[in-house]
Amino acid sequence: MPFMHPLLRKNYGTWRWHERPRPGVLRHVAASGDEVWTVKAGTQRQLDVYTVRALCAIATDLADGHLRFTTRSNVEFMVGAAERVDPLIARLEAEGFPVGGTGNSVSMISHTQGWLHCDIPGTDASGVVKALMDAVHHEFTHEEMPNKVKITTSCCQINCGGQGDIAINIQHTKPPKINHDLVAGVCERPAVVARCPVAAIRPAMVNGKPSLEVDEAKCVCCGACYPPCPPMQINDPVHSKLAIWVGGKHSSTRSKPTFHKLVAAGIPNNPPRWPEATEIVLTILDAYKSGAKPWERVGEWVERIGWARFFEETGLPFTKYHVDNWRGSRGSLNSSAHLHF
Ligand code: SF4
Ligand code: SF4
(Lines give C-alpha, C1' and ligand atoms only; values in the text may rest on other atoms or scores of the structure.)
(Ligands and ions follow the chains in the order given, each with its own letter.)
Protein backbone atom coordinates (compact mmCIF):
# COMPACT_ATOMS: atom_id res chain seq x y z
CA MET A 1 0.00 0.00 0.00
CA PRO A 2 2.70 2.62 0.80
CA PHE A 3 4.19 2.16 -2.67
CA MET A 4 0.93 2.26 -4.58
CA HIS A 5 0.31 5.01 -7.10
CA PRO A 6 -1.63 7.81 -5.26
CA LEU A 7 -4.60 7.54 -7.63
CA LEU A 8 -4.88 3.79 -7.00
CA ARG A 9 -4.69 4.36 -3.24
CA LYS A 10 -7.32 7.11 -3.35
CA ASN A 11 -9.79 4.99 -5.34
CA TYR A 12 -9.02 1.65 -3.74
CA GLY A 13 -12.04 -0.68 -3.97
CA THR A 14 -14.23 1.80 -5.86
CA TRP A 15 -13.43 1.05 -9.50
CA ARG A 16 -16.51 1.13 -11.75
CA TRP A 17 -15.39 -0.21 -15.11
CA HIS A 18 -12.41 -0.65 -17.38
CA GLU A 19 -11.58 -1.08 -21.04
CA ARG A 20 -8.58 -1.91 -23.23
CA PRO A 21 -8.25 0.95 -25.72
CA ARG A 22 -5.23 -0.56 -27.50
CA PRO A 23 -2.78 -3.44 -26.96
CA GLY A 24 -0.75 -2.83 -23.83
CA VAL A 25 -3.03 -0.13 -22.38
CA LEU A 26 -5.82 -0.38 -19.79
CA ARG A 27 -8.16 2.42 -18.75
CA HIS A 28 -9.83 2.11 -15.34
CA VAL A 29 -12.55 4.54 -14.25
CA ALA A 30 -13.43 4.98 -10.56
CA ALA A 31 -16.69 6.04 -8.91
CA SER A 32 -15.06 9.41 -8.13
CA GLY A 33 -14.61 10.02 -11.88
CA ASP A 34 -10.82 9.56 -11.65
CA GLU A 35 -9.20 7.65 -14.49
CA VAL A 36 -6.05 5.58 -14.42
CA TRP A 37 -4.31 4.60 -17.65
CA THR A 38 -1.97 1.66 -17.27
CA VAL A 39 0.75 0.97 -19.83
CA LYS A 40 2.22 -2.53 -19.77
CA ALA A 41 5.62 -3.39 -21.24
CA GLY A 42 7.62 -6.59 -21.44
CA THR A 43 11.03 -6.92 -19.85
CA GLN A 44 13.72 -9.56 -20.29
CA ARG A 45 12.61 -10.87 -16.87
CA GLN A 46 16.01 -11.32 -15.21
CA LEU A 47 16.82 -7.64 -14.81
CA ASP A 48 20.30 -6.17 -14.42
CA VAL A 49 20.75 -3.02 -12.39
CA TYR A 50 21.10 -0.82 -15.49
CA THR A 51 17.72 -1.94 -16.79
CA VAL A 52 16.10 -1.37 -13.40
CA ARG A 53 17.55 2.14 -13.37
CA ALA A 54 16.28 2.77 -16.91
CA LEU A 55 12.76 1.67 -15.88
CA CYS A 56 12.90 3.84 -12.75
CA ALA A 57 14.00 6.83 -14.83
CA ILE A 58 10.99 6.34 -17.13
CA ALA A 59 8.71 6.20 -14.06
CA THR A 60 10.29 9.36 -12.64
CA ASP A 61 10.05 11.30 -15.89
CA LEU A 62 6.66 10.19 -17.18
CA ALA A 63 4.65 8.23 -14.58
CA ASP A 64 4.68 10.13 -11.27
CA GLY A 65 7.59 8.05 -9.95
CA HIS A 66 5.59 4.81 -9.71
CA LEU A 67 5.80 1.44 -11.41
CA ARG A 68 4.88 -2.12 -10.55
CA PHE A 69 5.79 -5.57 -11.80
CA THR A 70 3.27 -8.27 -12.70
CA THR A 71 3.70 -11.92 -11.75
CA ARG A 72 5.12 -12.52 -15.24
CA SER A 73 7.67 -9.72 -14.86
CA ASN A 74 5.94 -7.28 -17.12
CA VAL A 75 6.31 -3.72 -15.92
CA GLU A 76 3.30 -1.42 -15.59
CA PHE A 77 3.26 2.38 -15.38
CA MET A 78 0.14 4.28 -14.30
CA VAL A 79 -0.84 7.82 -15.39
CA GLY A 80 -3.96 9.87 -14.66
CA ALA A 81 -4.72 11.33 -18.11
CA ALA A 82 -5.11 10.01 -21.67
CA GLU A 83 -2.65 12.50 -23.17
CA ARG A 84 0.18 11.12 -21.02
CA VAL A 85 -0.10 7.63 -22.55
CA ASP A 86 1.50 8.18 -25.97
CA PRO A 87 4.71 9.82 -24.66
CA LEU A 88 5.09 6.92 -22.23
CA ILE A 89 4.67 4.34 -25.00
CA ALA A 90 7.10 6.21 -27.25
CA ARG A 91 9.77 6.31 -24.53
CA LEU A 92 9.33 2.62 -23.62
CA GLU A 93 9.58 1.52 -27.24
CA ALA A 94 12.56 3.80 -27.86
CA GLU A 95 14.36 2.12 -24.95
CA GLY A 96 13.56 -1.37 -26.22
CA PHE A 97 10.61 -2.38 -24.04
CA PRO A 98 7.73 -3.75 -26.16
CA VAL A 99 4.28 -2.51 -25.13
CA GLY A 100 1.53 -5.16 -25.12
CA GLY A 101 0.34 -8.20 -23.24
CA THR A 102 -2.92 -6.84 -21.81
CA GLY A 103 -5.39 -8.76 -23.99
CA ASN A 104 -5.48 -12.05 -25.86
CA SER A 105 -1.79 -12.26 -26.50
CA VAL A 106 1.18 -14.43 -25.66
CA SER A 107 1.96 -12.81 -22.36
CA MET A 108 5.48 -12.73 -20.98
CA ILE A 109 6.77 -16.25 -20.41
CA SER A 110 7.22 -17.25 -16.79
CA HIS A 111 10.35 -19.20 -16.04
CA THR A 112 12.07 -20.91 -13.18
CA GLN A 113 15.43 -19.80 -11.90
CA GLY A 114 17.82 -21.60 -14.21
CA TRP A 115 21.54 -21.19 -14.06
CA LEU A 116 21.20 -17.88 -12.25
CA HIS A 117 19.89 -18.95 -8.83
CA CYS A 118 18.96 -22.63 -8.53
CA ASP A 119 21.52 -25.33 -7.73
CA ILE A 120 20.04 -28.17 -9.79
CA PRO A 121 19.07 -26.91 -13.26
CA GLY A 122 19.69 -29.05 -16.32
CA THR A 123 19.34 -26.04 -18.60
CA ASP A 124 18.87 -22.32 -18.40
CA ALA A 125 15.31 -21.06 -18.19
CA SER A 126 15.63 -17.32 -18.72
CA GLY A 127 17.66 -17.99 -21.87
CA VAL A 128 14.90 -20.15 -23.37
CA VAL A 129 12.43 -17.39 -22.50
CA LYS A 130 14.51 -14.67 -24.18
CA ALA A 131 14.89 -16.75 -27.35
CA LEU A 132 11.18 -17.57 -27.44
CA MET A 133 9.95 -14.06 -26.66
CA ASP A 134 12.08 -12.72 -29.50
CA ALA A 135 10.26 -15.19 -31.77
CA VAL A 136 6.76 -14.34 -30.47
CA HIS A 137 7.32 -10.58 -30.14
CA HIS A 138 4.44 -9.90 -32.57
CA GLU A 139 2.07 -12.00 -30.47
CA PHE A 140 2.91 -9.91 -27.38
CA THR A 141 2.42 -6.52 -29.03
CA HIS A 142 -0.64 -7.50 -31.14
CA GLU A 143 -3.54 -9.10 -29.34
CA GLU A 144 -4.61 -11.57 -32.00
CA MET A 145 -4.80 -14.85 -30.09
CA PRO A 146 -8.15 -16.55 -29.28
CA ASN A 147 -7.42 -16.15 -25.56
CA LYS A 148 -4.39 -15.46 -23.39
CA VAL A 149 -1.52 -17.87 -23.94
CA LYS A 150 0.59 -18.51 -20.85
CA ILE A 151 3.88 -20.21 -21.59
CA THR A 152 6.14 -21.55 -18.86
CA THR A 153 9.60 -23.05 -18.77
CA SER A 154 11.23 -25.26 -16.16
CA CYS A 155 14.90 -26.10 -15.98
CA CYS A 156 14.56 -29.47 -14.21
CA GLN A 157 11.89 -32.13 -14.03
CA ILE A 158 10.77 -30.96 -10.61
CA ASN A 159 9.01 -28.34 -12.73
CA CYS A 160 8.62 -25.52 -10.25
CA GLY A 161 7.37 -23.53 -13.27
CA GLY A 162 3.95 -25.09 -12.87
CA GLN A 163 1.29 -25.61 -15.52
CA GLY A 164 1.07 -23.67 -18.77
CA ASP A 165 -0.85 -23.52 -22.04
CA ILE A 166 2.53 -24.47 -23.47
CA ALA A 167 5.42 -25.57 -21.26
CA ILE A 168 9.06 -26.19 -22.16
CA ASN A 169 10.65 -28.40 -19.53
CA ILE A 170 13.90 -30.27 -19.19
CA GLN A 171 13.73 -34.03 -19.60
CA HIS A 172 16.60 -36.24 -18.42
CA THR A 173 16.85 -39.40 -20.47
CA LYS A 174 19.60 -41.38 -18.68
CA PRO A 175 19.90 -42.48 -15.02
CA PRO A 176 22.38 -40.53 -12.87
CA LYS A 177 26.09 -41.34 -13.04
CA ILE A 178 27.38 -41.72 -9.50
CA ASN A 179 30.71 -40.29 -8.37
CA HIS A 180 31.35 -42.92 -5.68
CA ASP A 181 34.39 -41.08 -4.27
CA LEU A 182 32.21 -38.17 -3.17
CA VAL A 183 28.99 -39.79 -1.94
CA ALA A 184 30.15 -40.63 1.59
CA GLY A 185 31.46 -37.12 2.24
CA VAL A 186 28.62 -35.14 0.62
CA CYS A 187 25.36 -37.09 0.83
CA GLU A 188 23.15 -38.24 3.61
CA ARG A 189 22.38 -41.61 2.09
CA PRO A 190 18.99 -42.35 3.75
CA ALA A 191 17.72 -38.95 2.60
CA VAL A 192 18.74 -39.74 -0.99
CA VAL A 193 17.16 -43.20 -0.86
CA ALA A 194 13.93 -41.65 0.44
CA ARG A 195 13.86 -39.07 -2.34
CA CYS A 196 13.48 -41.56 -5.17
CA PRO A 197 9.81 -41.79 -6.24
CA VAL A 198 10.22 -45.32 -7.64
CA ALA A 199 12.51 -46.74 -4.92
CA ALA A 200 15.35 -47.30 -7.38
CA ILE A 201 18.20 -46.24 -5.03
CA ARG A 202 19.87 -48.56 -2.54
CA PRO A 203 22.81 -48.06 -0.18
CA ALA A 204 25.90 -49.94 -1.39
CA MET A 205 29.61 -50.34 -0.62
CA VAL A 206 31.73 -49.43 -3.63
CA ASN A 207 35.54 -49.78 -3.55
CA GLY A 208 35.31 -50.19 0.24
CA LYS A 209 33.44 -46.89 0.69
CA PRO A 210 29.80 -46.34 1.59
CA SER A 211 27.96 -45.20 -1.51
CA LEU A 212 24.71 -45.70 -3.42
CA GLU A 213 23.56 -47.72 -6.38
CA VAL A 214 20.71 -47.22 -8.82
CA ASP A 215 18.49 -49.92 -10.27
CA GLU A 216 18.57 -48.50 -13.80
CA ALA A 217 15.64 -50.61 -14.97
CA LYS A 218 13.44 -48.87 -12.40
CA CYS A 219 14.88 -45.34 -12.66
CA VAL A 220 12.55 -42.89 -14.42
CA CYS A 221 15.34 -40.28 -14.78
CA CYS A 222 13.40 -37.70 -12.76
CA GLY A 223 16.49 -36.06 -11.26
CA ALA A 224 15.05 -35.90 -7.73
CA CYS A 225 18.14 -37.57 -6.22
CA TYR A 226 20.50 -34.92 -7.60
CA PRO A 227 19.53 -31.98 -5.29
CA PRO A 228 20.26 -33.81 -2.00
CA CYS A 229 23.27 -35.57 -3.50
CA PRO A 230 25.16 -33.73 -6.30
CA PRO A 231 27.46 -36.74 -6.89
CA MET A 232 24.34 -38.38 -8.45
CA GLN A 233 25.17 -36.47 -11.63
CA ILE A 234 22.18 -36.53 -13.97
CA ASN A 235 22.74 -33.40 -16.06
CA ASP A 236 24.26 -34.26 -19.38
CA PRO A 237 24.91 -32.03 -22.39
CA VAL A 238 23.58 -34.67 -24.78
CA HIS A 239 21.10 -36.77 -22.81
CA SER A 240 19.33 -33.95 -20.95
CA LYS A 241 16.73 -32.87 -23.51
CA LEU A 242 13.79 -30.49 -23.67
CA ALA A 243 10.18 -31.64 -23.75
CA ILE A 244 7.12 -29.62 -24.71
CA TRP A 245 3.81 -29.97 -22.91
CA VAL A 246 0.46 -28.48 -23.85
CA GLY A 247 -2.92 -27.62 -22.33
CA GLY A 248 -2.24 -26.88 -18.64
CA LYS A 249 -3.66 -24.00 -16.67
CA HIS A 250 -3.81 -22.86 -13.06
CA SER A 251 -6.92 -20.71 -13.18
CA SER A 252 -10.48 -21.92 -12.78
CA THR A 253 -11.82 -19.31 -15.21
CA ARG A 254 -14.16 -20.87 -17.82
CA SER A 255 -12.95 -24.41 -17.03
CA LYS A 256 -11.17 -26.38 -14.31
CA PRO A 257 -7.40 -26.13 -13.78
CA THR A 258 -5.65 -28.82 -15.82
CA PHE A 259 -2.31 -30.57 -16.06
CA HIS A 260 -0.43 -30.02 -19.30
CA LYS A 261 0.37 -33.12 -21.37
CA LEU A 262 3.50 -34.19 -23.19
CA VAL A 263 3.41 -33.58 -26.96
CA ALA A 264 7.07 -33.46 -28.01
CA ALA A 265 10.14 -35.01 -26.39
CA GLY A 266 13.83 -35.49 -27.04
CA ILE A 267 14.30 -31.92 -28.31
CA PRO A 268 17.96 -30.83 -28.19
CA ASN A 269 18.83 -28.57 -25.26
CA ASN A 270 20.56 -26.18 -27.56
CA PRO A 271 21.65 -22.83 -26.08
CA PRO A 272 21.87 -19.93 -26.67
CA ARG A 273 18.81 -19.73 -28.97
CA TRP A 274 17.13 -23.16 -28.64
CA PRO A 275 15.94 -23.08 -32.31
CA GLU A 276 14.39 -26.58 -32.32
CA ALA A 277 12.18 -25.92 -29.27
CA THR A 278 11.26 -22.46 -30.57
CA GLU A 279 10.12 -23.87 -33.91
CA ILE A 280 7.80 -26.39 -32.24
CA VAL A 281 6.27 -23.72 -30.01
CA LEU A 282 5.65 -21.48 -33.04
CA THR A 283 3.99 -24.40 -34.87
CA ILE A 284 1.66 -25.07 -31.92
CA LEU A 285 0.83 -21.35 -31.63
CA ASP A 286 0.03 -21.12 -35.35
CA ALA A 287 -2.32 -24.12 -35.17
CA TYR A 288 -4.05 -22.73 -32.07
CA LYS A 289 -4.37 -19.24 -33.52
CA SER A 290 -6.02 -20.47 -36.71
CA GLY A 291 -8.08 -23.31 -35.21
CA ALA A 292 -9.42 -22.21 -31.82
CA LYS A 293 -12.74 -20.46 -31.30
CA PRO A 294 -12.74 -17.04 -29.63
CA TRP A 295 -11.91 -17.31 -25.90
CA GLU A 296 -10.82 -20.95 -26.02
CA ARG A 297 -7.61 -21.55 -24.07
CA VAL A 298 -5.11 -23.97 -25.65
CA GLY A 299 -6.29 -26.89 -23.49
CA GLU A 300 -9.95 -26.19 -24.25
CA TRP A 301 -9.19 -26.08 -27.98
CA VAL A 302 -7.42 -29.45 -27.81
CA GLU A 303 -10.22 -30.89 -25.67
CA ARG A 304 -12.77 -29.88 -28.35
CA ILE A 305 -10.89 -31.11 -31.42
CA GLY A 306 -9.31 -34.16 -29.73
CA TRP A 307 -5.66 -35.10 -29.33
CA ALA A 308 -5.56 -37.03 -32.62
CA ARG A 309 -6.53 -33.88 -34.51
CA PHE A 310 -4.03 -31.81 -32.47
CA PHE A 311 -1.19 -34.00 -33.74
CA GLU A 312 -2.55 -33.77 -37.30
CA GLU A 313 -2.83 -29.97 -37.17
CA THR A 314 0.63 -29.44 -35.73
CA GLY A 315 2.39 -32.20 -37.67
CA LEU A 316 4.10 -33.38 -34.48
CA PRO A 317 4.81 -37.13 -34.40
CA PHE A 318 2.63 -39.07 -31.96
CA THR A 319 4.17 -41.88 -29.90
CA LYS A 320 2.92 -44.12 -27.11
CA TYR A 321 4.71 -41.91 -24.55
CA HIS A 322 2.47 -38.92 -25.27
CA VAL A 323 -0.69 -37.67 -23.63
CA ASP A 324 -0.35 -39.64 -20.43
CA ASN A 325 -2.55 -38.04 -17.80
CA TRP A 326 -2.62 -38.17 -14.02
CA ARG A 327 -5.08 -41.09 -13.96
CA GLY A 328 -3.03 -42.86 -16.61
CA SER A 329 0.23 -42.40 -14.73
CA ARG A 330 -1.30 -43.94 -11.62
CA GLY A 331 0.01 -47.39 -12.53
CA SER A 332 3.59 -46.27 -12.96
CA LEU A 333 3.67 -43.98 -9.92
CA ASN A 334 2.12 -46.68 -7.73
CA SER A 335 5.32 -48.66 -8.01
CA SER A 336 6.82 -46.26 -5.46
CA ALA A 337 7.16 -47.29 -1.86
CA HIS A 338 6.37 -43.69 -0.88
CA LEU A 339 3.19 -42.88 -2.81
CA HIS A 340 -0.17 -44.35 -1.89
CA PHE A 341 -3.48 -43.53 -3.59
S1 SF4 B 1 12.68 -26.02 -12.32
FE2 SF4 B 1 14.10 -27.22 -11.04
S3 SF4 B 1 16.18 -26.43 -11.50
FE4 SF4 B 1 14.69 -24.95 -12.25
S5 SF4 B 1 14.50 -23.46 -10.57
FE6 SF4 B 1 12.84 -24.99 -10.32
S7 SF4 B 1 13.68 -26.54 -8.93
FE8 SF4 B 1 15.44 -25.30 -9.72
S1 SF4 C 1 15.40 -40.15 -7.91
FE2 SF4 C 1 14.79 -40.18 -10.07
S3 SF4 C 1 16.74 -40.02 -11.21
FE4 SF4 C 1 17.27 -40.60 -9.13
S5 SF4 C 1 17.36 -42.84 -9.20
FE6 SF4 C 1 15.28 -42.30 -8.57
S7 SF4 C 1 14.10 -42.27 -10.47
FE8 SF4 C 1 16.28 -42.20 -11.03
Side-chain angles (χ1 to χ4, degrees), residues 45-46 71-73 109-132 150-164 166-180 182-183 186-204 206 211-245 248 250 259-260 262 265 267 269 271 274 277 321 324 329-339:
R45 203 168 155 90
Q46 300 276 17
T71 51
R72 290 188 159 247
S73 298
I109 298 171
S110 68
H111 72 72
T112 51
Q113 302 173 70
W115 290 325
L116 212 56
H117 295 298
C118 194
D119 56 353
I120 57 168
T123 185
D124 195 14
S126 52
V128 183
V129 167
K130 170 74 176 107
L132 267 174
K150 311 249 180 193
I151 303 182
T152 67
T153 68
S154 286
C155 39
C156 80
Q157 287 188 171
I158 289 168
N159 183 25
C160 72
Q163 304 301 308
I166 303 173
I168 302 106
N169 297 347
I170 200 81
Q171 175 193 46
H172 301 298
T173 59
K174 296 272 188 209
K177 287 183 230 138
I178 305 174
N179 184 338
H180 294 291
L182 295 180
V183 170
V186 175
C187 313
E188 198 167 331
R189 293 188 303 156
V192 188
V193 170
R195 266 296 181 99
C196 181
V198 292
I201 307 175
R202 288 186 293 259
V206 180
S211 186
L212 296 161
E213 66 182 11
V214 171
D215 180 345
E216 296 198 351
K218 269 186 165 182
C219 173
V220 293
C221 310
C222 69
C225 52
Y226 175 58
C229 185
M232 307 278 286
Q233 186 55 247
I234 194 158
N235 288 338
D236 183 282
V238 176
H239 299 302
S240 293
K241 307 278 194 185
L242 295 182
I244 293 182
W245 304 65
H250 290 287
F259 285 118
H260 46 226
L262 181 74
I267 305 157
N269 178 21
W274 289 272
Y321 300 109
D324 196 6
S329 61
R330 183 172 165 158
S332 49
L333 289 171
N334 254 353
S335 60
S336 163
H338 312 289
L339 288 173

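Just follow the structure's listing: the first ligand is 1, and inside any ligand the first atom is 1. Throughout, numbering of the chain's residues begins at 1 and tracks the sequence.
Take a cut-off of 2.8 Å around atom 8 (Fe) of ligand 1: the protein N, O or S atoms inside it are C118 SG.
Looking only at side-chain heavy atoms (C-beta outward), V192 and C225 come within less than 4.5 Å of each other. Annotation: side chain of R189 is in contact with side chain of V183 (closest heavy-atom distance under 4.5 Å). Two residues are said to be in side-chain contact when any heavy atoms from C-beta on lie closer than 4.5 Å; T123 and W274 meet this criterion.
Checked by atom type and distance alone, the side chain of H260 pairs as donor or acceptor with a backbone atom of G164 at under 3.5 Å. Checking side-chain atoms of N235 against main-chain N and O of P121 turns up a donor-acceptor pair under 3.5 Å. In this structure, T153 contributes its side chain and H111 its backbone to no donor-acceptor pair below 3.5 Å.
Identified under the salt bridge (Lys or Arg N to Asp or Glu O under 4.0 Å) test for residues 221-234, with sequence neighbours left out: none.
Protein nitrogen, oxygen and sulfur atoms, that is N, O or S, within less than 2.8 Å of atom 2 (Fe) of ligand 2 amount to 1.
Disulfide criterion (SG-SG under 2.5 Å) for C156 and C118: not met.
Partners of K241 by side chain to side chain donor-acceptor pair (under 3.5 Å), not counting sequence neighbours: none found.
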